[in-house]
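Notes for the one structure printed next.
Residues: numbered from 1 along the sequence shown. The figures that follow rest on heavy atoms only: side chains count, while hydrogens, waters and symmetry mates do not.
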Amino acid sequence: MYNAPATSTAQAIKLLVVDIDGTISGESNTVSQAVKEAIAAAKAQGIAVAIATGRMYRSALRFHQELNCTLPLMAYQGAWIQDPATQKVYQHLAVSREVAHQLLDYFEQPTLRSLLSIHFYINDQLYVREVTPETQAYAVRSGITPIAVGDLRQTLSSAQPTKILALCDDTTIIQNLMGNLRRQYTPAELYMTTSVATFLEAANPVVNKGNAVRYLAEEILGLQSHNVMTIGDNFNDVEMLEYAGVGVAMGNAPEQVQAIADWVAPSVELDGVATAIEKFLLS
């Protein structure tokens with residue numbers, strides 16, 4: 001656990017990066033007033049604030065606006081980095097058509113097809129074979145209208161997906177899928193993670209939030225890792241927690257994620273982000 005004096009930490013940290021779901025936003029799908037005030041207080045001390053999320057860019061925009069962020073938004077686990085103010089896209093890394101076809105073949109084999117909802121994210125739109133109850137629940141929370149196309153292969157004729165998502169309410173099926181696919185694809189071929197236990201997410205192999213935060217900090221802002229504090233709650237946050245000088249896991253994070261963090265905050269429903277900011281940045 002992290003034991004450095006909070007005062008020295010506050011002086012070193014110049015960039016705070018937060019995840020959305022399970023971190024700044026809980027069951028209510030909104031940011032609490034306490035978290036907003038803590039983030040505003042950090043910004044008042046000259047600390048820049050950014051968002052890194054697995055969400056679609058369009059879905060994450062309202063949180064970016066709520067926090068009055070002025071930095072580029074890191075969406076799709078960092079595969080898509082764009083500045084909402086200027087619309088400049090700093091980075092867009094997609095899954096190759098070949099791998100997308102392979103994954104679709106795998107997900108649509110007879111033993112799996114009826115169990116999974118498959119999402120293709122292309123040009124910041126959500127394409128699905130059909131709108132399942134799982135997709136509908138996802139769409140409501142994300143504020144996105146899914147586009148049902150029947151055969152998802154037709155979406156690959158003109159573009160490559162930014163991310164591919166397999167949803168299943170049975171977390172054991174997701175765990176088994178992850179294990180099987182990690183035997184088929186090396187990390188150099190495909191990035192796979194879970195942002196919640198019912199999601200299996202696949203992206204370009206160089207994509208992860210750690211690389212995205214590194215790019216924002218070092219290439220855009222001229223900072224180093226010890227100038228960065230990150231806060232997240234799930235396996236897709238691990239790389240950015242490891243990169244940062246201070247990596248904070250939420251109290252609702254899986255034990256394996258908490259174990260790699262420098263400090264564990266209270267849960268999202270207890271405004272853990274506000275507590276972490278007060279501890280490390282406002283002393």
Side-chain angles (χ1 to χ4, degrees), residues 1-25 30-53 55 57 60-75 78 80-91 208-233 237 239-250 261-266 268 270-283:
M1 290 299 168
Y2 195 85
N3 293 312
T7 50
S8 64
T9 303
Q11 291 168 358
I13 300 300
K14 305 298 181 187
L15 171 64
L16 169 65
V17 180
V18 294
D19 166 53
I20 295 177
D21 295 288
T23 301
I24 61 169
S25 172
T30 59
V31 184
S32 73
Q33 190 60 34
V35 169
K36 287 181 185 177
E37 290 175 359
I39 287 174
K43 290 174 66 179
Q45 292 200 5
I47 296 167
V49 176
I51 288 172
T53 179
R55 284 194 184 218
Y57 177 80
L61 265 178
R62 70 175 175 91
F63 294 94
H64 184 276
Q65 294 162 351
E66 270 193 77
L67 300 184
N68 295 311
C69 292
T70 57
L71 292 175
L73 171 57
M74 295 168 280
W80 186 306
I81 304 176
Q82 183 173 348
D83 186 337
T86 64
Q87 299 303 307
K88 178 178 179 178
V89 177
Y90 286 88
Q91 177 171 283
N208 64 61
K209 289 188 186 181
N211 286 341
V213 173
R214 179 184 293 107
Y215 179 82
L216 175 65
E218 299 180 16
E219 301 299 325
I220 297 179
L221 299 177
L223 302 174
Q224 297 300 316
S225 60
H226 70 270
N227 301 127
V228 181
M229 176 171 162
T230 57
I231 311 178
D233 77 300
D237 298 307
E239 290 89 352
M240 77 171 185
L241 297 182
E242 291 176 332
Y243 168 76
V246 179
V248 175
M250 300 296 290
D262 296 307
W263 190 69
V264 177
V268 61
L270 296 176
D271 297 327
V273 167
T275 303
I277 289 172
E278 290 161 6
K279 175 178 176 62
F280 290 103
L281 303 181
L282 301 183
S283 296

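- Taking 4.5 Å as the limit, every side-chain heavy atom of K43 sits out of range of all side-chain heavy atoms of I47.
- Counting heavy atoms from C-beta on, the side chains of T230 and D237 never come closer than 4.5 Å.
- Within the 4.5 Å cutoff, the side chain of D19 has no heavy atoms near those of the I231 side chain.
- The side-chain heavy atoms of L221 and L71, taken from C-beta on, include a pair separated by under 4.5 Å.
- Rounded to the nearest 0.5 angstrom, L241 CG and M250 CE are separated by 11.0 Å.
- Taking OG of S25 as the reference point, atom CD of E66 lies at 8.5 Å (rounded to 0.5 Å).
- Residue I24 holds its CD1 atom at 10.0 Å from NZ of K36, rounded to the nearest 0.5 Å.
- The closest donor-acceptor contact from the side chain of E218 to the backbone of Y215 lies at 3.5 Å or more, if one exists at all.
- Side-chain atoms of H64 and C69, non-hydrogen and from C-beta on, do get closer than 4.5 Å to each other.
- Summarising the geometry of L216 relative to M74, their closest heavy-atom pair is CD2-CE, 3.5 Å, with the distance given to 0.1 Å.
- Looking at K14, its side chain never comes within 3.5 Å of a backbone N or O of N227 through a donor-acceptor pair.
- Across all non-hydrogen atoms, the minimal contact from G210 to Y243 is O-CG, 4.4 Å.
- Taking each heavy atom of A52 and V17 in turn, the nearest pair found is CB-CG1, 3.7 Å.
- Among all heavy-atom pairs drawn from L15 and A217, the shortest one is CD2-CB, 4.0 Å.
- Side-chain atoms of V228 and I13, non-hydrogen and from C-beta on, never get closer than 4.5 Å to each other.
- Rounding to the nearest 0.5 Å places CG of N208 at 4.0 Å from CD of E239.
- For the pair D83 (side chain) and K88 (backbone), a donor-acceptor distance under 3.5 Å is absent.
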Q | Worked verdict on W263 versus V246 for side-chain contact (heavy atoms from CB on, under 4.5 Å) | A | CA-CA 8 Å; W263 190 69; V246 179; 5.7 Å; no
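- With values rounded to the nearest 0.5 angstrom, R214 atom CZ is found 15.0 Å from K209 atom NZ.
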Q.
Does L67 form a side-chain contact (heavy atoms from CB on, under 4.5 Å) with I51? I'd like the steps, not just the answer.
A. CA-CA 9 Å; L67 300 184; I51 288 172; 4.0 Å; yes
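- The aromatic rings of Y57 and W80 sit parallel, their planes meeting at an angle under 30°, below the 60° perpendicular limit.
- By the 4.5 Å heavy-atom criterion applied to side chains, P266 and D271 are not counted as neighbours.
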Q: Could you please spell out the steps behind the side-chain contact (heavy atoms from CB on, under 4.5 Å) verdict for T23 and V273?
A: CA-CA 7 Å; T23 301; V273 167; 3.6 Å; yes
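- Contact of the M229 side chain with the F280 side chain is registered, since non-hydrogen atoms from C-beta on lie closer than 4.5 Å.
- Among all heavy-atom pairs drawn from A34 and A274, the shortest one is O-CB, 3.8 Å.
- A search for side-chain hydrogen bond (donor to acceptor under 3.5 Å, both in side chains) contacts involving T30 returns S28, not counting sequence neighbours.
- Scanning for side chain to side chain contact (heavy atoms under 4.5 Å, CB included) contacts around A60 gives I20, T53, R55, L73, with sequence neighbours left out.
- Closest of all the heavy-atom pairs between A261 and V248 is CB-C, 4.3 Å.
- The closest donor-acceptor contact from the side chain of Q91 to the backbone of G78 lies under 3.5 Å.
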